[in-house]
Peer 1: 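One structure coming up, written as structure tokens, with questions to follow.
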There are 2 protein chains.
Amino acid sequence: MTQAQTLSKNQQIVLDIIEKANSPLKAYSILFNVQKKGINAPQQIYRALDKLIEMGKIHKIESKNAFVACRSSDCEISKATAFSICENCEMVDEISDTKLSKYLSSFSDKKGTKFKRFNLEFFGLCKKCK
Amino acid sequence: MTQAQTLSKNQQIVLDIIEKANSPLKAYSILFNVQKKGINAPQQIYRALDKLIEMGKIHKIESKNAFVACRSSDCEISKATAFSICENCEMVDEISDTKLSKYLSSFSDKKGTKFKRFNLEFFGLCKKCK
DNA sequence: TAACAAATGTTATATTATAACACTTTGTTA
DNA sequence: TAACAAAGTGTTATAATATAACATTTGTTA
């Protein structure tokens with residue numbers, strides 16, 4: 001039973017912007033968007049981003065240094081994330097596929113080592129760009 | 001039949017260093033290591049890195065902004081890469097698992113879209129750190 | 001309400017990566 | 001082999017991404 005998290009002011013501002021966006025946002029583009037709200041420094045953005053990631057509210061797209069809102073229920077606090085990324089228009093979709101998620105969560109390497117967490121990024125062309 | 005690639009001077013220098021390392025190297029740490037060899041600027045490193053990635057000689061670990069030599073034959077010009085990353089000591093191993101590679105290479109999302117390329121990063125503790 | 005944890009605001013700086021331009025070397029082909 | 005194109009090099013400058021450190025405020029809980 002996870003406690004419903006209440007967000008701090010800056011966390012809520014940053015999350016709102018990311019949720020409204022339909023593509024991944026970069027930290028500095030978030031910063032430029034919130035300067036009217038009194039947030040002036042990168043630190044304030046990065047701190048909010050860190051907490052939102054911890055809470056599983058957003059994910060970082062590592063290959064793009066950009067952030068998207070979590071749309072999945074599978075990934076439970078970002079232990080198991082998968083994305084499709086369009087190489088042309090930069091669009092990113094979170095992949096929510098129980099079979100894939102189970103397969104990778106239970107994957108172990110040749111030494112039998114299991115892992116706590118994974119992040120998978122697929123690249124190709126989205127429907128529009130094909 | 002792929003043509004054996006001959007490397008340029010800088011490409012060879014950078015590749016040598018990455019191959020000798022037993023953990024991922026960052027661009028600027030490569031730079032500091034080769035200044036005695038007359039390479040002075042980040043550009044020179046990044047250009048070599050880009051080409052080496054294109055050739056499939058090295059891979060970028062996206063979550064660490066670091067580079068490792070390719071030890072796999074599965075990944076054919078970096079179309080299908082998977083790594084295990086120790087959260088404690090930062091060690092990275094390339095995962096070479098035919099089944100995993102086939103499964104992910106033929107994966108398609110719910111709209112039936114297939115992808116050209118993927119990168120998978122697993123996180124956990126390595127044998128030493130457990 | 002005292003004590004502690006979490007979040008904030010701020011300045012400064014570290015780290016990662018690319019732009020732009022002049023020049024050289026290498027490879028191709030007429 | 002001369003002429004040209006393509007790839008690579010060297011260099012200066014700067015853009016983009018991210019963290020350190022510290023003083024203060026807010027929120028929580030004993």
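Keep in mind that this is a model prediction, so the values were computed, not measured. Numbers restart at 1 for each chain; the letters A, B, ... are given by sequence-line order, proteins then strands.
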Peer 1: With hydrophobic residues grouped by side-chain heavy-atom distances under 4.5 Å, do B/Val92 and B/Leu25 end up in a single group?
Peer 2: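 Per the 4.5 Å side-chain linkage, B/Val92 and B/Leu25 are not co-clustered.
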Peer 1: Check the geometry between B/Tyr28 and C/dT15 and answer yes if their rings are stacked (centres below 5.5 Å, planes below 30°), otherwise no.
Peer 2: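 Whether judged by distance or by angle, B/Tyr28 falls short somewhere, so it does not stack on the base of C/dT15.
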Peer 1: For A/Ile77 versus A/Met55, what's the shortest heavy-atom pair and its separation?
Peer 2: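 Residues A/Ile77 and A/Met55, closest heavy atoms: CD1-O, 3.4 Å.
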Peer 1: Ion pair present between A/Glu87 and B/Lys116, side-chain N to carboxylate O less than 4.0 angstrom?
Peer 2: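 Judged by the 4.0 Å cut-off on N to carboxylate O distance, A/Glu87 and B/Lys116 do form a salt bridge.
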Peer 1: Taking the minimum atom-to-atom distance to the side chain of A/Arg47, which one of C/dA17, D/dA21, D/dT17 wins?
Peer 2: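 For the A/Arg47 side chain, the nearest candidate turns out to be D/dA21.
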Peer 1: Base, sugar-phosphate alone, or nothing: which one does B/Lys64 contact when heavy atoms must sit under 4.0 Å apart?
Peer 2: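 Nothing, no nucleic acid heavy atom in range.
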Peer 1: Between A/Gln11 and B/Lys60, which is nearer to the 5' end of DNA chain C once each is assigned its nearest nucleotide?
Peer 2: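 Of the two residues, A/Gln11 wins.
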Peer 1: Could you state the atom-to-atom distance from CD1 of B/Ile61 to P of C/dT16 in whole Å?
Peer 2: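 Atom-to-atom, B/Ile61 to C/dT16, this comes out as 15 Å.
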Peer 1: In whole angstrom, give the distance that lies between atom CG of A/Asn40 and atom P of C/dA12.
Peer 2: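 Taking atom P of C/dA12 as the reference, CG of A/Asn40 is at 14 Å.
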Peer 1: Can you tell me how far P of C/dT25 sits from NZ of B/Lys9, to the nearest Å?
Peer 2: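 To the nearest whole Å, that distance equals 11 Å.
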Peer 1: Specify the separation, in whole Å, of atom NZ of A/Lys26 and atom C1' of D/dA15.
Peer 2: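 Distance, rounded to whole Å: 12 Å.
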Peer 1: NZ of A/Lys127: more than 12 outside heavy atoms within 6.0 angstrom?
Peer 2: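 Check fails, neighbour count at 12 or below.
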Peer 1: Are OP1 or OP2 of C/dT8 and a side-chain N or O of A/Ser8 less than 4.0 angstrom apart?
Peer 2: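 For C/dT8, OP1/OP2 do have a side-chain N/O of A/Ser8 under 4.0 Å.
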Peer 1: Does a side-chain N or O from A/Lys51 land closer than 4.0 Å to OP1 or OP2 of C/dA6, or not?
Peer 2: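 Negative; the distance criterion is not met.
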Peer 1: Does A/Lys37 place a side-chain N or O at less than 4.0 Å from the phosphate oxygens OP1/OP2 of C/dT8?
Peer 2: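 Checking A/Lys37 against C/dT8: no side-chain N or O falls below 4.0 Å of OP1 or OP2.
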Peer 1: Any salt bridge linking B/Asp93 with A/Lys111? Criterion: basic side-chain nitrogen under 4.0 Å from a carboxylate oxygen.
Peer 2: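 The answer is yes: the pair qualifies as a salt bridge.
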Peer 1: Between C1' on C/dT24 and CG on B/Asn10, what's the gap in Å once rounded to a whole number?
Peer 2: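 Between C1' of C/dT24 and CG of B/Asn10: 13 Å.
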Peer 1: Which residue, B/Pro42 or B/Asn65, contacts DNA chain D at a nucleotide closer to its 5' end, judged by nearest heavy atom?
Peer 2: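 Result: B/Pro42.
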Peer 1: Round to the nearest Å and state the distance from A/Leu7 atom CG to C/dA6 atom P.
Peer 2: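 In whole Å, C/dA6 P and A/Leu7 CG are 15 Å from each other.
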Peer 1: B/Tyr46 OH to D/dA15 P: how many Å, rounded?
Peer 2: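 That distance rounds to 17 Å.
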Peer 1: Rounded to whole Å, please give me the gap between CG in B/Leu31 and C1' in D/dT11.
Peer 2: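 Rounded to the whole Å, the gap is 13 Å.
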Peer 1: Any strand counts, and the cut-off is 3.5 Å on both contacts for Watson-Crick or G-U wobble. Which nucleotide pairs with C/dA30?
Peer 2: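 C/dA30 is paired, partner D/dT1.
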Peer 1: Base, sugar-phosphate or nothing for B/Gln43? Non-hydrogen atoms, less than 4.0 Å.
Peer 2: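 B/Gln43: base contact, heavy atoms under 4.0 Å.
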Peer 1: State whether B/Gln44 places a side-chain N or O below 4.0 Å from either non-bridging phosphate oxygen (OP1 or OP2) of D/dG8.
Peer 2: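 No, outside the criterion.
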